[in-house]
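Proteins come first, then strands; the chains are lettered A, B, ... in the order of their sequence lines, and each starts at number 1. Heavy-atom basis, side chains included; hydrogens, waters and symmetry copies ignored.
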Amino acid sequence: MKFVDEYRDAKAAHELAKRIKAVVTQPWTIMEICGGQTHAIVRFGIDELLPPDITLVHGPGCPVCVTALELIEKAIEIASAPDVIFCSFGDMLRVPGLHRDLLAVKAAGGDVRIVYSPLDALKLATENPDKQVVFFAVGFETTAPANGMAAYQAHRLGVRNFSLLVSHVLVPPAMEAILGSPHNQVQGFLAAGHVCTVMGYHEYEPIAAKYKTPIVVTGFEPVDILQGILMCVTQLEQGRYEVENPYSRVVTREGNIPAQKLLSDVFEVVARKWRGIGEINNSGLALRGEYRQYDAELRFGLADRKIEESAECISGLILQGIKKPHDCPAFGTRCTPEHPLGATMVSSEGACAAYYRYRGATASGRRAG
Amino acid sequence: MCLAIPGKVISIAGDDPVFRMGKVDFGGVIKEVNLCYVPEVKLGDYVIIHVGFALNIIDEEEAQKVFEYLREMEMLGSELGEAN
Ligand code: SF4
């Protein structure tokens, strides 16, 4: 593990940890929902710096981890088809499907390409008019404006051989699903700064009020995270439940208005399946109206395909804060980053991969559970 | 894959707001970036970029801080879409 002392602002981090200790009088469980925060917490041992009364649990903050098995299988099927160029962000290639991943499709001769931006995929479509170019549009609200714009530009430019396999997910409905569950353990949330860059944070205000749960918008550096924890714990101790934003140097309450406008033009809100968690109402985006002609599921006739998840992986419980990675019997044995069984072991922002990399295969985190 | 990384706008091209592109300097790595979501951006501004789109204008100090952090975390390459 890389301890917080190796972090360049270690002094500020220790100072914040001290202030948190001074405030806490009873146990609290706080969830972050940003893969960048999960990675930083585990890498720098931020959880170990905190008083034992505070438990951090790692929510569904990584789009790679929550993309449903069903969609991975659809991606594999489309990518295996002739005359298709299948484009994806690199992280998605190793997410396990039922029998293989996209990397295996590529190894078997499929034209699977890693792109940096959805616009790169759109460009490939204009350069290869005799191929169907499909982009795997995964992501949270941060990524949706980029993917939505690719559909918008395709429509404006009349690029007909381009489509999107859309797997967009929305953060606030997932928070509600976690808080509304009878097994919920989460008492306070850190909200992901970069998601809020696009959407602002006004959406969280009704959630904080309804579930009497403080929500603090924060960045992904150790000092930001610790500052967020301090504010969250202070609210909990004082019996307050507000949305606070110490990350105002990047995030405003309103968010990016032109991006929100584009999202509502191109997408509609739909129910979406989250890997390991199941379907959550109003938690995803799908192409709407005239943009549906760019929906790869419709173009390839896959819309009705349903696939059940394997029971072995407990990542769904981990993503809801009910279990920690070390609680999984497959962790570090049958499931490793080289041979992941579940998506949370694939991405460095997934909780299982972060624990494996920085905590080792067997060590049980100090307060695991 | 959800992080946005800061960079400096060093050129802006195109009149159509939807297709307006700029070159952005990420500590020496130059990338083409779509500027449709930051219509008020000017040359020399710092923006945060996610998968080829500028999402917000931020100040230089914040940009440097985040950039250094991502470099320390060795996360810059993957967020810039390099070998994964
Ligand atoms: S260790 Fe592997 S199988 Fe277990 S929960 Fe994590 S990803 Fe799933």
Side-chain angles (χ1 to χ4, degrees), chain A residues 2 6-9 34-36 39-40 43-44 61-64 89-94 114-120 138-143 145-147 149-150 152-153 156-157 192-195 197-198 219-224 249-252 255-260 262 347-349, chain B residues 1-7 14 16-24 26 29-41 46-84:
Chain A
K2 184 163 171 165
E6 296 171 42
Y7 167 62
R8 104 191 103 75
D9 225 349
C34 160
H39 188 155
R43 175 161 185 172
F44 289 109
C62 167
V64 179
F89 298 132
D91 327 37
M92 296 306 293
L93 265 56
R94 295 194 54 249
I114 295 174
V115 295
Y116 162 62
S117 165
L119 294 184
D120 298 339
V138 302
F140 286 121
E141 291 92 327
T142 329
T143 318
N147 295 345
M149 184 49 76
Y152 184 91
Q153 287 197 2
R156 275 227 5 217
L157 298 170
H194 283 164
V195 167
T197 302
V198 171
F220 51 89
E221 282 205 54
V223 279
D224 290 327
R249 50 188 210 271
V250 177
V251 171
T252 60
N256 186 315
I257 305 286
Q260 291 169 27
L262 187 278
S347 158
S348 67
E349 294 171 18
Chain B
M1 63 153 287
C2 242
L3 302 182
I5 57 171
D16 185 330
V18 169
F19 292 91
R20 202 159 69 122
M21 299 293 286
K23 286 206 163 66
V24 171
F26 302 93
V29 180
I30 313 279
K31 281 212 170 263
E32 287 247 48
V33 160
N34 182 295
L35 299 173
C36 65
Y37 296 126
V38 285
E40 68 284 24
V41 76
Y46 285 83
V47 286
I48 57 172
I49 311 286
H50 180 62
V51 298
F53 285 76
L55 292 179
N56 206 355
I57 301 171
I58 57 173
D59 68 26
E60 179 173 356
E61 192 189 333
E62 173 67 16
Q64 293 298 356
K65 230 183 72 165
V66 175
F67 193 80
E68 281 308 313
Y69 175 72
L70 290 172
R71 178 144 58 198
E72 186 183 343
M73 293 286 279
E74 293 147 25
M75 283 164 100
L76 221 41
S78 64
E79 293 296 330
L80 276 170
E82 281 157 11
N84 229 303

Heavy atoms, side chains only, cut-off 4.5 Å: are [X] and [Y] in contact?
X        : Y        : answer
B:Phe19  : A:Leu119 : no
A:Glu221 : B:Lys65  : yes
A:Arg249 : B:Val66  : no
A:Val250 : B:Glu62  : yes

Does any backbone or side-chain atom of [X] lie under 4.5 Å from a heavy atom of chain B? Answer side chain, backbone, both or neither.
X        : value
A:Arg94  : neither
A:Ile257 : neither
A:Val198 : side chain
A:Ala40  : both

Separation of A:Phe140 CZ from B:His50 NE2 (nearest 0.5 Å):
10.5 Å
Where [X] and [Y] come nearest, the two heavy atoms and their spacing:
X        : Y        : value
A:Gln153 : B:Val18  : NE2-O, 3.3 Å
A:Pro222 : B:Tyr69  : CD-CE1, 3.3 Å
A:Ala146 : B:Val51  : CB-CG2, 3.4 Å
A:Met149 : B:Cys36  : CE-SG, 3.5 Å
B:Ile48  : A:Thr197 : CD1-CG2, 4.0 Å

Tell me, for B:Asp59 versus chain A, whether the close heavy atoms (under 4.5 Å) come from the side chain, the backbone, both or neither.
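The answer is neither part of B:Asp59.
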Check for a donor-acceptor pair, side chain of B:Tyr37 on one end and backbone N or O of A:Asn256 on the other, with a separation under 3.5 Å.
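Checked: no pair found.
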Please evaluate residues A:Thr142 and B:Phe53 with respect to the criterion side-chain contact (heavy atoms from CB on, under 4.5 Å), reporting the C-alpha separation (whole Å), side-chain torsions for both, the decisive distance (0.1 Å), and the verdict.
CA-CA 10 Å; A:Thr142 329; B:Phe53 285 76; over 6 Å; no
Whether over 12 other heavy atoms sit under 6.0 Å from B:Glu61 CD:
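No, CD of B:Glu61 has 12 or fewer neighbouring heavy atoms, counting only those of other groups under 6.0 Å.
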